[in-house]
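Since the model is a prediction, treat every value here as computed from it, not as a measurement. Start at 1 and go down the list; that is how both ligands and their atoms are numbered. All values below were derived from every heavy atom in this structure, side-chain atoms included, with hydrogens, water molecules and symmetry-related copies excluded.
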Amino acid sequence: MGPSATDREDTEVAESQIAVHWREEDYYYPPASFVEQANASDPAILERFGEENFPECFEEYAELLNWDKRWDVILDTSNPPFWKWFVGGRLNASVNCVDRHLETSADKAAIVWVPEPEDQETKTMTYQELHDRVNEFAALLQDFCRVKTGDRVTFHLPMLPELPVSMLACARLGVIHSEVFGGFSGAACGERIADSQSRILVTMDAYYRNGELIDHKAKADEALARAQEQGIEVDNVLVWRRYAGEYHSESPMVEGRDFFVDELLAQYRGKKVEPVSMPAEAPLFLMYTSGTTGRPKGCQHSTGGYLSYVAGTSKYYQDIHPDDVYWCFADIGWITGHSYIVYGPLALGTTTVMYEGVPTYPDAGRPWRIAEKLGVDIFHTAPTTIRMLRKLGPDEPGKYDYKFKHMTTVGEPIEPDVWRWYHEVVGKGDAVVVDTWWQTENGGFLGSTLPALQPMKPGSCGPGVLGIFPVVYDEDGEVVPAGSGRAGNICIRNPWPGIFQTIWGQPERFVETYYAKYCRDESSNDWRDWPYFAGDGAVEAADGYFRILGRVDDVINVAGHRLGTKELESATITVSDIAEAAAVPVVDELRGRAVEMYVSLKPGIEPSPEIAKAVTKAIETEIGKIARPKNVWIVADMPKTRSGKIMRRVIAGISNFADVGDTTTLANPEIVDEIRRYVQNEKMNRGEVPRELSAQEKEEIAAFGRAE
Ligand code: 6R9
């Protein structure tokens, strides 16, 4: 007798753990000039953060902050996996990011903001000004909106200094902020308002993107309508204005509900608000991210643990000193911006640069002009931006007189070739590069190199960071040894202060998604029994460096942004003619991955270009333009298992001109050739045939949909 269908499915899983072959890259070493000034240049730090010193080692991070009361317990594991850090301690995040720097650095630039239009002036906000503005806005929230400690306030703010001011004002009051990426649609914002039960939405009338002043307030109306459908009424919409006193939106202001912040602030000029001393374990903010089911996950981050972790990693991995000019070219609407534009750099009292717009506006020399003008010495961005700048302006960096000592890459795997351009051309061969692997859930870096002590290796993030002990497990929980050349699931064996506390309102999903898979004993309160499952595939080289291969669940990483396949599919089936939908990733030269949608229609409906357009529109409305599919394929049926599940890896294989794997277990194997002919012919006509995929990319495509 041959193997049963289930046996064969197991074999497929095993196939996704095949050996991954690539050329071992050479090491690159930091220049002596960097090592001399680095915050971490004594190898003793590696011992201080060794496993035998866990969890005490993290006191070193907590001691970077000012506490109103020192903690009694470093790590409380009594209710796993809901770890508690620095229990008994009290502090305020806005005091740590602002007030405590006033004594020495009141006149120093805290935030330097660069507007997108190049003829508009760069604005500098000193620590004193930041303090004043945070207090005034906190006074407004407290007095006018009557928010209390523990309430949630949603922001849908673009990259203007009003965003960090709003975050720190909430932090001052112990109010939990939940920033939704400005590029997300009104509907996506509304879902997050409803999930977090926010009564207040803070937004802005308009902002610049690619040379255009876009109407943003309009999205607030859609957001409120969506929240209302889910039973949540928002009391007030606070509208900051891109130009104080001028309104640049078509959306009417609703009497008694919508208010211009600049007008309201007139009553609060010069007001000071006593910071609320918060328990270390009080939530500081929520940051939503995508998962395998449709409902977004509100990752809840703590005050004491989170702030300690971002301060510590900013100091040692970003190598931030108070006199650096640090520019993280991310959007604060993502975790990178929260941790490494706002909280980490400001906790260390440095100058953090914010830029309003797109990297290539008006041309691909813009980032380097900004760097030259402001004297940026630490630069932080994502592979997608690096690829785009390389494509559009490969020689631009050489034309500008800036000097980076340090550069970061984050958000997706970086191809060694792209890494080398970043190092040689952007970094002029002189800057160290840190590749930082981590996630929204993690608060801060998990895998990276300590820049003065550990050499760089293109395409690998490096070993676990200080106090983080990663391991690669196979599907059965056996360790995949370093140097074996085999891939598996990367996990973190221990808790750390930056780990999120739970998924807002969904504690069971928190346990299920991140801990159930490899928990050794559910009744144990020893952290060693609770490895954290990150959801990424990885390979550990003989030197202990990790190469991250991408997601093992149904999440598509587009330009560094996680999009859930289920979210894309739910948005698609809001188009009434559509019966079924499946989202798959395609390799994209600039964005890393792009989304392709496969849809089948309800009986009696004829395929038409209008349906494909309606799908794109629905995705833009429900999620946002970043999720716009590269192609929408209307097919007669989807390849399915006998139990009726759509086999996403098969269509992912077709879209990428890759192997579709074993199709003998399908209920309708004949459909595969039909779809392949149609899709691949179309792609050839459109000039969309991808280059030969790397072993790593092939593996990712073959494993796609494994979580189903
Ligand atoms: C910080 C952030 C997390 C997912 C993560 C992984 C991918 C992030 C990476 C990387 C390879 C890196 N990822 N950094 N892959 N190398 N340096 O990006 O958070 O938006 O939650 O995305 O991004 O797949 O699981 P988030």
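- Residue-to-ligand polar distances keep A534 apart from ligand 1: every N/O pair is separated by 3.5 Å or more.
- At a heavy-atom cutoff of 4.0 Å, ligand 1 is contacted by both the backbone and the side chain of T440.
- Residue C461 places no heavy atom under 4.0 Å from ligand 1.
- Per-residue contacts place I335 under 4.0 angstrom from the following atoms of ligand 1 (heavy atoms of the residue considered): 1 (C), 19 (O).
- At a heavy-atom distance under 4.0 Å, only backbone atoms of T436 (N, CA, C or O) approach ligand 1.
- Residues E478 and Y473 have side chains that never bring a donor and an acceptor to within less than 3.5 angstrom of each other.
- For ligand 1 and N557, the ligand atoms under 4.0 Å from any heavy atom of the residue are 7 (C), 23 (O).
- Between R691 and E589, at least one side-chain nitrogen of the basic residue sits less than 4.0 Å from a carboxylate oxygen of the acidic one, meeting the salt-bridge criterion.
- For atom 25 (O) of ligand 1, the nearest non-hydrogen atom from the set L549, I548, D536 belongs to D536.
- For the side-chain contact (heavy atoms from CB on, under 4.5 Å) test with V434, the passing option among T409, V410, T449, D319 is T449; the others fail.
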Identify every side-chain donor-acceptor pair in residues 538-546 under 3.5 Å, counting partners at least two apart or on other chains, and give the distances.
from: D543; atom 1: OD1; to: K457; atom 2: NZ; distance (Å): 3.4
from: D543; atom 1: OD1; to: Y545; atom 2: N; distance (Å): 3.0
from: D543; atom 1: OD2; to: Y27; atom 2: OH; distance (Å): 2.6
from: D543; atom 1: OD2; to: K457; atom 2: NZ; distance (Å): 2.8
from: Y545; atom 1: OH; to: P455; atom 2: O; distance (Å): 2.6

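- Of the polar atoms of T409, none of the N or O atoms is found under 3.5 Å from an N or O of ligand 1, judged by distance alone.
- With respect to atom 17 (N) of ligand 1, the closest heavy atom belonging to the protein is D435 OD1, 2.7 Å.
- Looking at R390 and D417, a side-chain N of the basic residue comes within less than 4.0 Å of a carboxylate O on the acidic one, giving a salt bridge.
- Of all protein heavy atoms, the one closest to atom 4 (C) of ligand 1 is R562 CD, 3.9 Å.
- Residue P413 touches ligand 1 through backbone and side chain together, judged by heavy-atom distances below 4.0 Å.
- Each of Y326, F445, Y340 was compared with S314 under the side-chain contact (heavy atoms from CB on, under 4.5 Å) criterion, and only Y340 meets it.
- F184 carries R192 over the face of its six-membered ring, with the cationic atom under 6.0 Å from the centre and within 45° of the normal.
- Atoms of ligand 1 found under 4.0 Å from any heavy atom of T336 (numbered from 1 in listed order, with element): 1 (C).
- Y309 and N442 share no donor-acceptor pair across their side chains, judged by distance under 3.5 Å alone.
- In Q439, the parts holding a heavy atom less than 4.0 Å from any atom of ligand 1 are both the side chain and the backbone.
- No hydrogens or angles considered: nothing links the side chains of Y532 and N494 as a donor-acceptor pair under 3.5 Å.
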